[in-house]
Chemist: 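Structure in structure tokens, see below.
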Amino acid sequence: MKYNFLEIEKRWQDYWAANNTYQAATNSDKPKYYVLDMFPYPSGAGLHVGHPLGYIATDIYARFKRHQGYNVLHPQGYDSFGLPAEQYAIQTGQHPAITTENNIKRYREQLDRMGFSFDWSREVRTSDPSFYKWTQWIFLLLFDSYYCQNEDRAQPISKLVKIFENAGNLQVLAICDADTPKFSADQWCAMKADQQAKILLHYRLAYLAETEVNWCPALGTVLANDEIVNGVSERGGHPVTKKKMKQWSMRIGAYAERLLQGLEKIDWPESLKEMQRNWIGKSVGASVQFEVADHDETITVFTTRPDTLFGVTFMTLAPELDLVLKIASTDQKEAVEAYIAATAQRSERDRMADVKTISGVFTGAYAIHPFTQQKIPIWIGDYVLAGYGTGAVMAVPCGDQRDYDFAKHFNIPIVNIFDGADISEAAFSDKSGVKLMDSDFLDGLDYKQAVKKVIEVLEAQNRGRGTINYRLRDAIFSRQRYWGEPIPVYYKDGLPQPLALEDLPLILPEVENYLPTSEGAPPLGNATDWAWDTQQHKVVSNDQIDHQTVFPLELNTMPGWAGSSWYFNRYMDAQNSDAFVSKSALSYWSEVDLYLGGSEHATGHLLYSRFWQKFLYDYELVPVDEYAKKLINQGMILGTSAVAYREHGTQNYISKNKIEGRAVEPIRVDVSLVDASDQLDIEGLKKWQPQFASATFELEANAFIVEREVEKMSKSKYNVVNPDQICETYGADTLRMYEMFLGPIEQAKPWNTAGISGVHSFLKKFWRLFHADNKLLVNDQPAAAEDLKIAHQTIKKVTEDISAFSFNTCVSSFMICVNQLTSAKCHSREVLEPLVVLLAPFAPHIAEELWQALGHKTSVTQASYPKYNPDYLVESTKEYPVSFNGKMRFKAAFPLAMNQEQITALILENEQTQKYLEGKAPKKVIVVPGKIINIVS
RNA sequence: GCCUUGGUGGCGGAAUUGGUAGACGCGCUGGAUUCAAAAUCCAGUGCUGGCAACAGCGUGUGGGUUCGAUUCCCACCCAAGGUACCA
């Protein structure tokens, strides 16, 4: 019988679907294990061989855990809101829901073909109202919450209102915007309702505020910081400018410290944790208040070096600050205004491009040093960012290189406060080793002592305090797009009013046109039925808006990261219509045990989702505050492009090794036209594209050889390899094993179809251990000790390697095993049966087939994982490499039971040893039992 | 610049706590089988010299520790990813 993978794979895939083989039990006495992939955005291009890499790895692990007796949750779904479907809708008018549905169908067909053990009964789609109902629900919960610093967690906003009624906000410890006004209880109670509502927006975790945003005119939408790469939009590469807009934001900054601390207890890659740490950007220092001379203003600066306070010779403000124009002197006003205008004109990209240029303008105003009372000139400069700290820095040129450069450039005095430091060429920014001088009460103190002392004094005099600053910005949550979750809010007197939880989901309306309206409102502005009737609790026509009982709904939608910030919880109880997840499902499944996805989500999805989880945890809605115990980043599979060289200005193509200095240009050709030895199929090429039909080819050794180049897989580089095609020629089992065999899962590695034959012939060899012609070779006779040893060595190695996620070495072990058993002509059931189960996670189809051939009536999925028997692995003698002065010379075998002294005595008598020693006595003999013998002469 | 990860044959990649570097696969060379092909099987394959036995050199570079270093320490070079006037 031949190994007919096409027939086998089809049959077992149908069987698994018909029998719900991989459905996770809701109630089970077994221990649970939750294996999760980052769910895909269903793009129109379908899958290429790079996409399933991670799914194969998790599938192997999920199957492995099932064999080990775990109740495994291994779900899959779609992050189905997103830009491409909307762009397609703009171009063609096809509703994004239809595009998305079609793409999902294609994805599903491709995924099914690879034999994944997903529990599809738990599938989620972020664009499905039954799912986004709960995304909206979480949003409303965030809107209804503030961050209480006393308890260090989110609390209902009603609690804050109580506090305001009793004591105002003078004493309250809650995270809020910097510009929040201060008020007493009496003042609060005297306020009108809309005034109170405005104040509460300064505290809510989901809030509406006028913010400086990254505006992308080409896409017509706002982008988050992590959606911008090198100053242009990540999607499409369009320019991005700054713009002030009223936007929904998420107060993720409130969770900065907990997001930082949480990293300590999760098993995630170090590089990824480091990325998140940098993104959060914690700095410890002090805020110091400087009064402005002749003005009733105070400037607060943040500094990480409060010890250098006596080295301050000027101050720099971000040009964007409102304060700047208030304090600028009459004679400098013109220059200041010109500078502000120039800064505003510059795009983000320009500003990043020349960080070297020093620019700034003196405001004509002076600050008063809190201790020396000296007048300090106030400058503005675009090296100070409005968005970080307070947008103002105290400049200490002797201790900070940028301040130093700025001072040199504008001839501002530099004073040295570091005893013995040389600041003639550059600032002295080293924190250790020197003591302060000319610093009043800090004289003679080192960095640590001085920081402590100065903060004490500042706090005692109420001129500043110890402060911690985070780089992490609050996340903009509004998008001016159609294809996203509607924000469940309507507007009354210009203020946002939440829908009631019972009124969810607020379903995305139909629109005629997916572009912004002519007035520049988001696409939802095109909807004719987009008003909220507060009495009937439903969406009604815009005509009925009366601002009494019917109000306009929010036109912005949520960003792409909304649904993905909590979807992993939904899989636990995907069909629930009464709760986002039931308590019982949460208490059983609890958290993701293994999460696998790309590192490109480090500062986006993987940070936002941790934030939402912590928020849900504060309300005891989830049992743990970190949702993924272990995370692995899979590396990309790169394409191996094929390049044919064409002689310049001709249609003559030259084989790789015949170029020799001739003028040629590289032309990429389809990789499927090139074989394992880089030989091009010329006839195929001529049929592929008409431009090659009349081309001529200069061969070498009767073949045309192409150049190879490793780069990202992409349609335009003709290096995309389609998994369907591989499944057709080699089968899904071969594809699965080959993708694992390519290299370590975390590493980026090139795809090369040529290498796949090795893995495919392994499966054929494995098959031939069971079948020959038309009969089953497997016998029930006891196996030879040698053969059992081969099997159990493999079981040991593979089990250890799967546990360590080293799947590539597993495949190698299988190959060694099958080669040995083939030469041993071993067909014993005792040896082969456990190997079928061992192989099942990697190549499930062939394993099912062979399992059945061995006479089993149930799926191999139900078989328990083989345990290796150490008795079979015991060796009585060991061959030692014998080295002289560390260099290996020959091998000698000794019983393993022999101790060091016995081996030492024997090796010195050895004939070969004598030859190498040439009669001299050795200086030293080193014997490491089980490992090596080294003789030092 | 800073942070993180990595650098091993023609290629993808192996190598437990320092102990035979190059497992396994691809490719290549030779052979068997075949009328022939496909398929399959066997042998060889780090580099240099040599018919050979063998010798020398070899894990980015230069040092160090050690009987012994791909592995540990120091300095440097290169690549990938992240980040960027963060006070």
Side-chain angles (χ1 to χ4, degrees), chain A residues 2 229-230 269-279 281-283 285 301-305 308 316 318 351-352 354-358 381-385 387-396 399-403 405-406 469-471 599-600 602-603 633 635-636 640 675-678 708 710 738 741-744 746-759 761-762 764-765 768 800 804 806 808-817 819 822-823 879-891 922-928 930-937:
Chain A
K2 248 193 90 186
V229 177
N230 295 329
E270 193 46 47
S271 61
L272 191 134
K273 286 195 198 180
E274 198 59 33
M275 262 188 245
Q276 292 208 342
R277 283 190 201 108
N278 290 340
W279 194 260
K282 180 182 183 176
S283 4
V301 302
F302 172 75
T303 176
T304 54
R305 295 294 304 272
T308 62
T316 319
R351 226 167 133 168
M352 285 198 335
D354 71 356
V355 294
K356 295 256 149 49
T357 319
I358 296 163
D382 66 1
Y383 80 95
V384 179
L385 306 174
Y388 183 77
T390 59
V393 302
M394 56 174 229
V396 184
D400 181 284
Q401 193 56 44
R402 284 158 317 176
D403 295 344
D405 295 339
F406 196 87
N469 224 314
Y470 299 93
R471 197 188 81 106
S599 62
E600 65 272 21
T603 54
N633 290 130
M636 231 193 312
T640 310
D675 75 359
S677 46
D678 296 345
R708 293 290 203 162
V710 172
Y738 185 55
F741 184 66
L742 279 177
E746 313 88 342
Q747 207 174 296
K749 50 216 166 262
W751 175 271
N752 188 354
T753 307
I756 203 168
S757 63
V759 174
S761 56
F762 154 73
K764 285 194 281 192
K765 282 185 213 166
R768 284 201 301 268
E800 284 168 359
S806 176
N808 55 329
T809 52
C810 289
V811 180
S812 295
S813 302
F814 278 122
M815 289 177 173
I816 295 167
C817 175
N819 284 341
T822 304
S823 19
E879 191 167 64
Y880 286 82
V882 181
S883 304
F884 281 77
N885 301 321
K887 191 148 192 80
M888 216 284 276
R889 291 302 179 182
F890 64 92
K891 289 174 191 170
K923 261 193 199 141
K924 205 169 165 188
V925 180
I926 295 145
V927 175
V928 184
K931 287 198 171 158
I932 198 163
I933 299 167
N934 191 15
I935 298 166
V936 186
S937 55

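Lettering follows sequence order; numbering is per chain, from 1. Just so you know, these numbers use all the heavy atoms, side chains as well, and skip hydrogens, waters and symmetry mates.
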Chemist: Looking across every strand, which nucleic acid part, if any, lies under 4.0 Å from A:K765 by heavy atom: base, sugar-phosphate, or nothing?
Modeler: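 Sugar-phosphate only.
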Chemist: Does any N or O in the side chain of A:E879 come within less than 3.5 Å of the main-chain N or O of A:K891, such that one atom is a donor and the other an acceptor?
Modeler: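 No, the answer is negative, given that no donor and acceptor are paired below the 3.5 Å cut-off.
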Chemist: State whether the number of non-hydrogen atoms from other residues, nucleotides or ligands found under 6.0 Å of A:K2 atom NZ is greater than 12.
Modeler: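 No, not enclosed.
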Chemist: If I take atom NZ from residue A:K931 and atom OH from residue A:Y880, how far apart are they, to the nearest 0.5 angstrom?
Modeler: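 Between atom NZ of A:K931 and atom OH of A:Y880 there are 11.0 Å.
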Chemist: Can you tell me, in whole Å, how much space there is between the P of B:U33 and that of B:U48?
Modeler: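 Their P atoms lie roughly 33 Å apart.
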Chemist: Under 3.5 Å, is there a donor-acceptor pair linking the side chains of A:S806 and A:T809?
Modeler: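 Per modelled atom types, A:S806 and A:T809 side chains form a pair under 3.5 Å.
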Chemist: Answer yes or no: is there a side-chain heavy-atom contact under 4.5 Å between A:T308 and A:M394?
Modeler: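 Heavy-atom side-chain distance check passes, below 4.5 Å.
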Chemist: Which residues pass the side chain to side chain contact (heavy atoms under 4.5 Å, CB included) test with A:P269, sequence neighbours left out?
Modeler: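 Testing A:P269 for side chain to side chain contact (heavy atoms under 4.5 Å, CB included), a comparison that skips the adjacent residues, returns A:S271, A:L272, A:L631, A:N633.
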Chemist: With syn defined as a glycosidic angle within 90° of 0 and anti as the rest, where does B:G64 land?
Modeler: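 Anti conformation here, the glycosidic angle of B:G64 being more than 90° from 0.
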Chemist: Hey, does A:M888 reach any base, or is it just sugar-phosphate, or nothing, if we go heavy atoms under 4.0 Å?
Modeler: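 Touches a base.
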Chemist: Quick check: does any side chain N or O of A:N469 sit under 3.5 Å from a backbone N or O of A:S283, one acting as donor and the other as acceptor?
Modeler: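 Flag not set: sc A:N469 to bb A:S283 has no pair under 3.5 Å.
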Chemist: Any protein N or O atoms within reach of nucleotides 2-7 of chain B? Criterion: under 3.5 Å, listing atom names and distances.
Modeler:
residue : atom : partner : partner atom : Å
B:C3    : O2'  : A:E274  : OE2          : 3.4

Chemist: Can a donor-acceptor pair be found between the side chains of A:Y383 and A:D403 at a distance below 3.5 Å?
Modeler: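 A:Y383 vs A:D403: donor-acceptor pair found between side chains.
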Chemist: Regarding A:S813, tell me which of base, sugar-phosphate or nothing describes its non-hydrogen contacts under 4.0 Å with the strands shown.
Modeler: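 Nothing, no heavy atom under 4.0 Å.
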Chemist: Report all interatomic pairs (protein N or O, nucleotide N or O of nucleotides 8-18 of chain B) with separations under 3.5 Å.
Modeler:
residue : atom : partner : partner atom : Å
B:G12   : O2'  : A:L742  : O            : 2.6
B:G13   : OP1  : A:Q747  : NE2          : 2.8
B:G13   : O3'  : A:N808  : ND2          : 3.4
B:A14   : OP1  : A:N808  : ND2          : 3.0
B:U17   : O4   : A:K931  : NZ           : 2.4

Chemist: Whenever both distances are under 3.5 Å in a Watson-Crick or G-U wobble pair, mark it; put RNA chain B into dot-bracket that way, with [ ] for crossing pairs and | when the partner is on another strand.
Modeler: (((((((..(((......[....)))((((((.......))))))((((....))))..(((((..]....))))))))))))....
Chemist: Is the distance between the ring centroids of A:Y470 and A:W279 less than 6.0 Å?
Modeler: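 That pair fails the under 6.0 Å test.
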Chemist: Do A:I933 and A:S883 come close enough that some side-chain heavy atom pair is under 4.5 Å?
Modeler: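 Result no, sub-4.5 Å side-chain heavy-atom pair not found.
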Chemist: Between atom CG in A:N819 and atom P in B:U40, what is the gap in whole Å?
Modeler: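 It is 12 Å, rounded to the nearest whole Å.
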Chemist: Which one, B:G56, B:A87, B:U20, comes nearest to the side chain of A:V393?
Modeler: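 Given the options B:G56, B:A87, B:U20, the side chain of A:V393 is closest to B:A87.
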Chemist: With a non-hydrogen cut-off below 4.0 angstrom, is A:K764 in contact with a base, only sugar-phosphate, or nothing?
Modeler: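 The residue A:K764 makes sugar-phosphate contact but no base contact.
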Chemist: If we take the C1' atom in both B:C78 and B:C86, what is their distance in whole Å?
Modeler: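 Rounded to whole Å, the distance is 30 Å.
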Chemist: Looking at every heavy atom in both A:P750 and A:L742, which two are closest together, and how far apart are they?
Modeler: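 That would be O-CD2, 3.9 Å.
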Chemist: On a whole-Å scale, what distance lies between the P atoms belonging to B:U70 and B:G58?
Modeler: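 Between the two P atoms, the distance is 10 Å.
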Chemist: Are any non-hydrogen side-chain atoms of A:I935 and A:K924 less than 4.5 angstrom apart?
Modeler: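 Answer no - side chains too far apart.
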Chemist: Pairs under 3.5 angstrom, nitrogen or oxygen only, protein versus nucleotides 62-70 of chain B, please.
Modeler:
residue : atom : partner : partner atom : Å
B:C67   : O2   : A:N934  : ND2          : 2.2

Chemist: With distance as the sole test, does A:K765 use its side chain to make a donor-acceptor pair with the main-chain N or O of A:N819 at under 3.5 Å?
Modeler: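 Pair absent, no side-chain N/O of A:K765 close to backbone of A:N819.
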Chemist: Could you walk me through whether A:V759 and A:M815 pass the side chain to side chain contact (heavy atoms under 4.5 Å, CB included) test, one step at a time?
Modeler: CA-CA 8 Å; A:V759 174; A:M815 289 177 173; 3.7 Å; yes
Chemist: Rounding to an integer number of angstrom, what distance separates B:A52 and B:G12 when you compare their P atoms?
Modeler: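 30 Å, rounded to whole Å.
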Chemist: Could you give the CZ-to-P distance, from A:R889 to B:A53, as a whole number of Å?
Modeler: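 Between P of B:A53 and CZ of A:R889: 16 Å.
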Chemist: Can you check whether A:R305's main-chain N or O pairs, donor with acceptor, with A:T303's side chain at less than 3.5 Å?
Modeler: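 Yes, the answer is positive, given that a donor and an acceptor are paired below the 3.5 Å cut-off.
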Chemist: Scan A:S883 against the nucleic acid and name what it touches under 4.0 Å (heavy atoms): base, sugar-phosphate only, or nothing.
Modeler: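 Answer is nothing: A:S883 stays at 4.0 Å or more from every strand.
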Chemist: Could you tell me how far B:A69 sits from B:U20 if I compare only their C1' atoms? Round to whole Å.
Modeler: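 So the two C1' atoms sit 14 Å from each other.
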Chemist: Starting the side chain at C-beta, find the nucleotide from B:U83, B:G82, B:U20 nearest to A:M275.
Modeler: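 The listed nucleotide nearest to A:M275's side chain is B:G82.
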Chemist: Using the test ring pair (Phe, Tyr, Trp, His ring centres under 6.0 Å), find all partners of A:F884 that sit at least two apart in sequence or belong to another chain.
Modeler: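 Ring pair (Phe, Tyr, Trp, His ring centres under 6.0 Å) check on A:F884 returns A:Y916.
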Chemist: Rounding to an integer number of Å, can you tell me how far A:E600 CD sits from B:U83 P?
Modeler: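 Between P of B:U83 and CD of A:E600: 12 Å.
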Chemist: When rounded to the nearest Å, what value does the distance between P atoms of B:C42 and B:G25 take?
Modeler: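 To the nearest whole Å, 11 Å.
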Chemist: To the nearest angstrom, how far is A:N633 atom CG from B:A80 atom C1'?
Modeler: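 In whole Å, B:A80 C1' and A:N633 CG are 14 Å from each other.
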Chemist: When the P atoms of B:C57 and B:G68 are compared, how many Å lie between them, rounded to an integer?
Modeler: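 Going atom to atom, P in each nucleotide, I get 15 Å.
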Chemist: Nearest heavy atom decides the nucleotide; on that basis, is A:T822 or A:V928 closer to the 5' end of RNA chain B?
Modeler: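 By nearest-heavy-atom nucleotide position, the 5'-most residue is A:V928.
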Chemist: A:D400 CG to B:A87 P: how many Å, rounded?
Modeler: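 Distance, rounded to whole Å: 9 Å.
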Chemist: Between B:A87 atom C1' and A:D405 atom CG, what is the distance in whole Å?
Modeler: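 Result: 14 Å.
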Chemist: Take atom C1' in B:A37 and the same atom in B:G46, then report the distance between them in whole Å.
Modeler: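 The same atom, C1', in both gives a distance of 35 Å.
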Chemist: Which nucleotide wins on minimum distance to the side chain of A:L385, given the candidates B:C85, B:C41, B:U20?
Modeler: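 That would be B:C85.
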Chemist: With a 3.5 Å distance limit and no angle check, can you tell me whether A:N752 reaches the backbone of A:G755 through a side-chain donor-acceptor pair?
Modeler: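 Not at all, since once roles are kept as given, no pair shorter than 3.5 Å links the two residues.
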Chemist: Can you tell me which nucleotide in B:C41, B:A39, B:A87 comes closest to the side chain of A:R768?
Modeler: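 Per side-chain heavy atoms of A:R768, the pick is B:C41.
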Chemist: Let me know, please, whether A:Y738 or A:S283 comes out on the 5' side of the other along RNA chain B by nearest nucleotide.
Modeler: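 Here A:Y738 is the residue nearer the 5' end.
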Chemist: Check this one for me: any side-chain N or O of A:R277 less than 4.0 Å away from OP1 or OP2 of B:C86?
Modeler: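 Looking at the OP1 and OP2 atoms of B:C86, neither is under 4.0 Å from any side-chain N or O of A:R277.
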Chemist: Expressed as a whole number of angstroms, how long is the span from A:M815:CE to B:A23:P?
Modeler: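 Rounded to the whole Å, the gap is 14 Å.
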Chemist: Looking only at side-chain atoms of A:I932, point me to the closest of B:C86, B:U20, B:G81.
Modeler: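 Comparing B:C86, B:U20, B:G81 against the side chain of A:I932, the answer is B:U20.
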